[in-house]
Structures are given as C-alpha cells and as structure tokens.
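Atoms within a ligand are numbered from 1 in the order they appear, just like the ligands themselves. Here the structure is a predicted model, which means the values were calculated and not measured.
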Amino acid sequence: MSIILKNVMKTYKSGEVETHALKGVSLEIKEGEFIVILGPSGSGKSTLLNVISGLDTPTSGVIMYKDTELTKLSEDKLTEFRRNHLGFVFQQYNLLQNLTALENVQMGSDIGKAPLDPEDILAKVGLKDQMHKYPYQLSGGEQQRVSVARSVAKNPEILFCDEPTGSLDEETSKQVLRVIEDLNRDLKTTMVVITHNPGIGAMADRVIKMNSGKIEEIIENKDKISAG
Ligand code: ADP
Ligand code: ADP
C-alpha cells in the first residue's frame, strides 16, 4: 500500500501560543520502501510520523493510503485501519512484564488478520533461545527486538518506528536496526523509522531530512537501490 501526503500541516495550539510543527509536507512513500526520517530535535519528525500513521490528525492537507483518505475516516474507522494495516514501535519497549517474550509476541499476532508465527518471528530477530524469558531477564536491545517482533507478528503492511534505538548504545542500536532491515527485505514490510542518528541513513532507500516543520532534503540511497 503506497502512501501519499499532500501539503500536510499541523499546528498545535495551547492558549495564545501556536506551534507550526508541520508547514506543508508533501511526500509519496512507495510500497515496501524503507524510509528514514532524520532531523534535529523539534523539527517535526514525531508529528510527521503521528499524522501519517493516524495517531494524530493534521490541521490541513490530505493523507491517502491507496484509495483510502485517512483524513476522512471517523475515529472508529481510523482505529480499525491502524489495527488492520499498521504496526508501531516506540522508544519505550512497552512489553508486558508478566508475560514471556513468546507470550508478548503471541499477543501481537492475536490481533492480526494474517498473523505470522510468533516462534518464527522470534527466530528471525535472533531470540529463538530466549523466547521463554521474561522482559526483566533480557537486555534493552533484546527487549526492543521482542517489541519489534510483537509489532511485526500481526503482519502489518507498514511499520512505524519512533526513535526505536533512542535508549540503546551504538552497537545494540545497530542490531535492532539490522532486524528492521531484514524484516523489510524478507517480509516486504514498508518501514518508516525516525532517528536523530545520521548513521542509520545507510540502511534506508530514502532519507527524509526534516528542518523547522518542512522537508529540507530527500536523499535517495542509490547504492542500496542498485544492490537490491
Ligand atoms: P521532533 O520529533 O523532530 O523532535 P516534534 O514533532 O516532536 O519534533 O515537535 C515539533 C514541534 O511541535 C516542536 O516545536 C514541539 O515543541 C511541538 N509540539 C510537539 N507536540 C506538541 C504538542 N502536543 N503540543 C504542543 N506543541 C507540540
Ligand atoms: P492497535 O491496538 O489499534 O492494534 P497498535 O498496537 O498497532 O494499535 O499500536 C498503536 C497504538 O499505540 C495507538 O493506538 C496508541 O494508543 C499507542 N501509542 C501512541 N503513541 C504512543 C507512544 N508515544 N508510546 C506508546 N504507545 C503509544
């Protein structure tokens, strides 16, 4: 499912204060693409991810998923759309502490229409031997890989990741991102990943550089496209 954004704006109002977080963003995300959103703090990355994914509504502009205009859906339809088509990973792992890695991933697959096998997914993220452990028995990187596995288990068409490696060191971050990269390649899941780490751009098909609520630059990763 491709996504098209046309002149999307988002203004936050609190009392007298208006913040123009998105000042007219137009973009097309192709099916199966790996998109990285880069930019300094406050440039609008999270706002962009939230409005693309229907977690928040834009102030104006259009967001189309193939033939579905997201901005026209009712609250209920939007929730259903997210549940059926989209997956989310956040900086916090949000795992249920009283469930094992496998049980957490099973919960993810239970909400999917065409779910993937939880054990297979845990093997894919390199945690086959750890699947019966509880979150507190796992490192931060392992917990985030469980979290990615849980989100992917329902087999979403698009996975949105907001600073998925924000709490992890450089080396662990790479492992988590490699997992996201592998899933993009093997499952053809479209990936939209926010980061402030420019090194991550190398994994992407395209890097969207945000600055002051606008797209400053779009960098195509030609090496990756020709290699793929
Ligand atoms: P980034 O993810 O790049 O750090 P954000 O999208 O979080 O940027 O924020 C963009 C701008 O919008 C910032 O100026 C931020 O302070 C503001 N902002 C974000 N969320 C809210 C909110 N809920 N209410 C008011 N202002 C907000
Ligand atoms: P659903 O439960 O509809 O299947 P998902 O499990 O795919 O949805 O996850 C999306 C949900 O994540 C949103 O509906 C929202 O409640 C929640 N969410 C939104 N922002 C955050 C956040 N910053 N941290 C944790 N959870 C969030």
Side-chain angles (χ1 to χ4, degrees), residues 3-29 33-65 70-71 73-75 78-79 81-82 86-94 140-141 143-144 147-148 151 156 158-170 172-174 176-177 180-181 184 189-221:
I3 311 169
I4 293 175
L5 279 76
K6 286 184 203 156
N7 205 22
V8 170
M9 303 198 193
K10 178 71 182 182
T11 301
Y12 294 107
K13 284 197 182 111
S14 50
E16 303 282 277
V17 183
E18 286 195 351
T19 305
H20 301 286
L22 296 177
K23 301 173 187 167
V25 172
S26 298
L27 175 68
E28 179 172 356
I29 299 175
E33 244 192 319
F34 190 149
I35 297 277
V36 160
I37 303 173
L38 266 184
S41 179
S43 58
K45 301 183 298 296
S46 288
T47 303
L48 180 60
L49 183 135
N50 290 346
V51 299
I52 300 177
S53 61
L55 291 175
D56 200 354
T57 49
T59 308
S60 63
V62 174
I63 298 167
M64 300 286 304
Y65 278 73
L70 206 66
T71 30
L73 296 181
S74 67
E75 192 78 19
L78 188 56
T79 303
F81 184 86
R82 280 203 308 267
L86 312 181
F88 294 89
V89 173
F90 298 101
Q91 182 171 346
Q92 327 85 286
Y93 321 129
N94 297 324
Q143 289 187 60
Q144 188 61 305
S147 173
V148 170
S151 301
I158 302 141
L159 185 67
F160 291 96
C161 308
D162 191 346
E163 293 279 4
T165 64
S167 315
L168 303 172
D169 62 47
E170 187 76 21
T172 315
S173 296
K174 279 189 196 150
V176 170
L177 288 157
I180 293 174
E181 192 181 27
N184 168 252
T189 314
T190 306
M191 300 289 177
V192 180
V193 181
I194 292 184
T195 181
H196 57 248
N197 180 351
I200 291 167
M203 294 186 174
D205 294 312
R206 283 191 298 160
V207 176
I208 314 290
K209 281 178 85 173
M210 292 295 294
N211 200 353
S212 303
K214 289 188 193 156
I215 295 179
E216 184 180 59
E217 191 182 4
I218 298 184
I219 303 160
E220 301 236 2
N221 194 343

Go through ligand 1 atom by atom and flag the ones less than 4.0 Å from a non-hydrogen atom of [X].
X	answer
S43	1 (P), 3 (O), 8 (O)
K45	1 (P), 2 (O), 3 (O), 4 (O), 6 (O), 8 (O)
P40	3 (O)

Identify, for [atom], the protein heavy atom at the shortest distance, and state residue, atom and that distance.
atom	answer
atom 12 (O) of ligand 1	A21 CB, 3.4 Å
atom 8 (O) of ligand 1	G44 N, 3.1 Å
atom 25 (C) of ligand 1	Y12 CB, 3.3 Å
atom 7 (O) of ligand 1	S46 CB, 3.8 Å
atom 6 (O) of ligand 1	T47 OG1, 2.5 Å

Just so I know, are the side chains of [X] and [Y] near enough to count as touching, which here means a heavy-atom distance under 4.5 Å?
X	Y	value
I158	V192	yes
D56	Y12	yes
L177	T195	no

Problem set entry | N221 side-chain N/O to A204 backbone N/O, donor-acceptor pair under 3.5 Å | yes

For this session: Could you tell me whether the side chain of R82 and the main chain of G54 form a donor-acceptor pair under 3.5 Å?
Result: yes

Problem set entry | Enclosure of E75 CD (heavy-atom neighbours >12, cutoff 6.0 Å) | no

Exercise. Is there a protein heavy atom less than 4.0 Å away from atom 16 (O) of ligand 1?
Worked result: no

Exercise. Do S147 and Q144 have a side chain donor and acceptor closer than 3.5 Å?
Worked result: yes

Assess [X] for proximity to ligand 1: is some non-hydrogen atom of it under 4.0 Å away?
X	value
S14	no
G39	no
G213	no

Exercise. At a non-hydrogen distance cut-off of under 4.0 Å, which region of T19 contacts ligand 1 (side chain, backbone, both, or neither)?
Worked result: side chain

Problem set entry | For V51, the option from L70, V8, V25 that meets side chain to side chain contact (heavy atoms under 4.5 Å, CB included) | V8

Problem set entry | side chain to side chain contact (heavy atoms under 4.5 Å, CB included) partner of T165, the single match among I180, V176, T172, V89 | V176

Exercise. Counting both backbone and side chain atoms, is some N or O of G42 under 3.5 Å from an N or O of ligand 1?
Worked result: yes

For this session: Look only at interatomic distance and state if L48 has a nitrogen or oxygen under 3.5 Å from any nitrogen or oxygen of ligand 1.
Result: no

For this session: For the residue pair F88 and F160, categorise the inter-ring angle as parallel (less than 30°), tilted (30 to 60°) or perpendicular (more than 60°).
Result: parallel

